[in-house]
Amino acid sequence: MRQARPYSAMFSGGVSARTGPHALPLARIKKIMKRSAGDSSGVVDGGARMISGEAPVVFSKACELFIAELTRRAWAATLEGKRRTVHKEDVASAVQNTDLFDFLVDVVMADLGHDDHHMD
């Protein structure tokens, strides 16, 4: 008996890798994957040439989950400030207060115009 693939649950309900409703455009994800694959591996030719149809779908779902989690944490910072609109400072606060998002600290702080990593 054949077992389901690890990501087959994403395809249930007739949704396929090519035609399913995705919040993020799969072509854009695939383009980023192709461009990024060679950055850290030292490959000179620009990265991955072949990417399966399922890989961008998995990345799309991962991006959705990432955005949702960052939004939840930014929303918490918004509520602490007794506001109802999320500002970039709320996103920065979420990034700084969550170890999982440490890789974004430099990006967020640069966008806020801060040279150091400490919010006032």
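Side-chain atoms are counted along with the backbone in the values below, which use heavy atoms only and exclude waters and symmetry mates.
In terms of heavy atoms, Ala55 sits closest to Met33 at CB-CE, 3.9 Å. Shortest non-hydrogen contact noted between Leu70 and Ala94 is CD1-CB, 4.0 Å.
Taking the six-membered ring where the residue is Trp, Phe66 and Phe103 present tilted rings, their angle falling between 30° and 60°.
Under the side chain to side chain contact (heavy atoms under 4.5 Å, CB included) criterion, Asp102 pairs with Asp99, Val105, sequence neighbours left out. Partners of Val86 by side chain to side chain contact (heavy atoms under 4.5 Å, CB included), not counting sequence neighbours, listed by chain and number: Ala74, Trp75, Thr78, Asp90, Val91. Residues forming a ring-ring contact (aromatic ring centres under 6.0 Å, His included) with Phe59 (at least two apart in sequence, or on another chain): none. Qualifying salt bridge (charged side-chain N to carboxylate O under 4.0 Å, His left out) partners for Glu69, counting only residues two or more places apart in sequence or in other chains: Arg72, Arg73. For the side chain to side chain contact (heavy atoms under 4.5 Å, CB included) test, residues two or more places apart in sequence or in another chain that qualify with Thr71 are Ile67. Annotation: side chain to side chain contact (heavy atoms under 4.5 Å, CB included) contacts of Lys88 (sequence neighbours excluded): Asp111, Leu112.
Here OG1 of Thr98 is found 10.0 Å from CG of Leu104. Values are rounded to the nearest 0.5 Å. Interatomic distance, Ser60 OG to Leu24 CG, rounded to the nearest 0.5 Å: 4.5 Å. Residue Lys34 holds its NZ atom at 12.5 Å from OG of Ser36, rounded to the nearest 0.5 Å. Of the inter-residue distances, the one linking Lys30 atom NZ with Arg35 atom CZ reads 15.0 Å to the nearest 0.5 angstrom.
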CA sep, side-chain torsions, deciding dist, call: Ile32, Arg28, side chain to side chain contact (heavy atoms under 4.5 Å, CB included) = CA-CA 6 Å; Ile32 293 168; Arg28 178 72 176 130; 3.9 Å; yes

